[in-house]
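Everything on this sheet refers to the single structure shown next.
Along the sequence shown, residues carry numbers from 1. Since the structure is predicted, the reported quantities are computational estimates derived from the model, not experimental observations.
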Amino acid sequence: MGTKLAAMILAGGKGTRLQALTRKVAKPAVSYGGKYRIIDFPLSNCANSGISAVSVLTQYESSALNTYIGNGEKWGLNGVRSLTSVLTPKQTEEGSNWYSGTADAIYQNIDWLDRVDPEYVLILSGDHIYCCSYQPMLRAHIKEGADCTIAAYQVSYEDASRFGIIVPDENGHVLDFQEKPKKPASNLASMGIYIFTYKVLRNALINDAKNEKSTHDFGKDVIPTMLKEGKKLLAYRYSGYWRDVGTVTSLHQANMDLLMSGDPTINLYTVQGGHRIYSEDTHSTPQYIGPRARVQDSLVNQGAIVEGTIDHCVVSSDTLIEEGAVCKNVVIMNGAHVAKNAQIENAIVGPDTLIEKDEKINIGGQEIVLVVNGRGRKG
């Protein structure tokens, strides 16, 4: 017996623009918001949507991510009526058949979809920050009788060339789809979130796999081909908070958005509509704020010890900011240590990084730097 909606999360990207943060871990496993990992958001969204069959497709530096996901227990996706599967590239006699594109990743795991036997398939990116339920999008897909529904987010025309761009009519039906165009015809960007009617998707993937000229990518190949074939594509407008954290600067900004002085459209402090974000409980000790500490407009997670000054910072668990240290506009990741009288501004401090005593980093610098083992690189 099949399920109505199955989700497949693409979590295999290298994330090279995050520099040292993704040298040993996959981008979706990168820390965010003091206590989360990026992958927590799409998985929590699936849980909040009542999706019972979820697969996560991993590839580059996937060991830590695979271990973190486990059986889906953190998100309540390990019950007798739910399933979380971690899917890696298939092993053949010639070795590992790595995914050659987003569509190829789904095609290589079409056997998993056949076993689940869904009516509809939700395809997600594993490295975006947002909080929602996918049920309204599914209802729109079913109501319109669409073959494919694409989640769409309005961006500036200046940024539009970085995205797949949707050109819809007044009813939201897709007339054209442009993959990262130099001169975009609209500023309605694809979020990389798709709902397909499975029978249509299955045929499209099989045909795409046979096409030697294809790059086997949804935005470059599958979606344009479906349009040419006259398939019914629908744009579903999303108006909530959404960020693609592809660079050090964008990851820093997404962290700062969580502060009370940040973006009001993202709120982790109250549960709205049941859309809670689930994560791992690190079982750390309570946070400690020292008697001479100064904390202003900052998020401080459990297990952190703050004896210095933090201003507009996001501080992860098991970190130490010693007396006399000053951190301004800084994301401090798990296990980092800012020693006595050190100063740092406008930065991300990587996991387990030591900022030496009296060291000064990026003071007065306006660009965001990534600091790993005391050395900074611009983001």
Side-chain angles (χ1 to χ4, degrees), residues 8-10 12-17 27 42 99-107 120-130 132 134 137-138 140-141 144-197 200-201 203-247 249-250:
M8 303 191 82
I9 302 175
L10 298 167
K14 286 184 177 181
T16 53
R17 291 182 298 164
K27 181 180 174 183
Y99 302 139
S100 59
T102 53
D104 180 61
I106 305 299
Y107 173 75
Y120 307 100
V121 178
L122 170 68
I123 297 173
L124 307 169
S125 171
D127 52 16
H128 295 161
I129 305 293
Y130 62 109
C132 75
Y134 302 113
M137 183 177 173
L138 177 62
H141 178 89
E144 291 292 327
D147 296 305
C148 172
T149 298
I150 307 170
Y153 190 81
Q154 191 165 315
V155 299
S156 67
Y157 274 96
E158 181 181 334
D159 292 334
S161 60
R162 299 192 297 110
F163 297 92
I165 293 299
I166 302 165
V167 182
D169 66 14
E170 64 275 9
N171 296 314
H173 301 139
V174 179
L175 302 176
D176 191 17
F177 187 91
Q178 305 170 337
E179 182 64 14
K180 298 181 180 179
K182 292 182 179 179
K183 296 182 179 180
S186 87
N187 64 338
L188 197 60
S190 168
M191 297 168 64
I193 300 172
Y194 311 102
I195 291 180
F196 288 91
T197 300
V200 176
L201 173 64
N203 289 333
L205 291 175
I206 291 171
N207 291 334
D208 179 74
K210 294 176 182 177
N211 183 358
E212 295 181 356
K213 295 181 179 179
S214 174
T215 61
H216 310 300
D217 182 83
F218 279 107
K220 294 178 182 177
D221 306 290
V222 174
I223 299 298
T225 298
M226 290 180 69
L227 277 173
K228 290 178 183 178
E229 293 175 348
K231 296 293 191 294
K232 190 171 185 179
L233 275 66
L234 179 69
Y236 177 82
R237 290 178 181 262
Y238 177 77
S239 58
Y241 182 92
W242 177 77
R243 291 291 182 271
D244 179 357
V245 287
T247 65
T249 299
S250 62

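In this view, Q154 satisfies the side-chain hydrogen bond (donor to acceptor under 3.5 Å, both in side chains) rule with no residue, not counting sequence neighbours. H216 pairs by the ring pair (Phe, Tyr, Trp, His ring centres under 6.0 Å) definition with nothing, not counting sequence neighbours.
Using cut-offs of 30° and 60° for the angle between ring planes, the Y153 and Y238 rings count as tilted.
Looking only at side-chain heavy atoms (C-beta outward), F196 and F218 come within less than 4.5 Å of each other. Side-chain atoms of N211 and D221, non-hydrogen and from C-beta on, never get closer than 4.5 Å to each other. Side-chain atoms of H128 and I193, non-hydrogen and from C-beta on, never get closer than 4.5 Å to each other. Looking at I106 and L205, their side chains come closer than 4.5 Å, going by heavy atoms from C-beta outward. Between I123 and L201 there is a side-chain heavy-atom pair separated by less than 4.5 Å. Side-chain atoms of Y194 and I223, non-hydrogen and from C-beta on, do get closer than 4.5 Å to each other. Side-chain contact between R237 and P168 is present, with heavy atoms from C-beta onward closer than 4.5 Å.
The two atoms that bring D208 and A103 nearest to each other are OD2-CB, 4.1 Å, heavy atoms only. Closest heavy-atom contact between A160 and P181: O-CD, 4.4 Å. Contact detail for Y241 and Y130: the closest heavy-atom pair is O-CB, 3.1 Å. Of all the heavy atoms in F163 and S190, the pair that sits closest is CD2-O, 4.1 Å. The nearest pair of heavy atoms linking A185 to Q178 is N-OE1, 3.1 Å. S156 approaches N187 most closely through the heavy-atom pair C-CB, 4.4 Å.
A salt bridge does not link D159 with R243: every distance from a Lys NZ or Arg NE/NH1/NH2 to an Asp or Glu carboxylate oxygen is 4.0 Å or more.
A distance-only check finds a donor-acceptor pair linking the side chain of S186 to the backbone of I166 [under 3.5 Å]. For the pair D217 (side chain) and G219 (backbone), a donor-acceptor distance under 3.5 Å is present. Under the 3.5 Å distance criterion, the side-chain polar atoms of N207 are matched with a main-chain donor or acceptor of N203. Not one N or O on the side chain of E144 forms a donor-acceptor pair closer than 3.5 Å with the backbone of L234.
Summarising the geometry, atom NE2 belonging to H141 is positioned 6.5 Å from atom CD1 belonging to I195; distances are rounded to the nearest 0.5 Å. Note: Y107 OH to S100 OG = 11.0 Å, rounded to the nearest 0.5 Å. D169 CG to L175 CG: the interatomic distance, rounded to the nearest 0.5 Å, is 5.0 Å.
Two rings, from Y120 and Y134, have their centers 6.0 Å or more apart.
Using modelled atom types and a 3.5 Å distance limit, the side chains of D147 and T197 yield no donor-acceptor pair.
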For this session: Check the pair I150, F177 against side-chain contact (heavy atoms from CB on, under 4.5 Å), reporting the backbone distance first and the verdict last.
Result: CA-CA 10 Å; I150 307 170; F177 187 91; 4.2 Å; yes

Problem set entry | Trace of the side-chain contact (heavy atoms from CB on, under 4.5 Å) decision for V155 with R162 | CA-CA 10 Å; V155 299; R162 299 192 297 110; over 6 Å; no

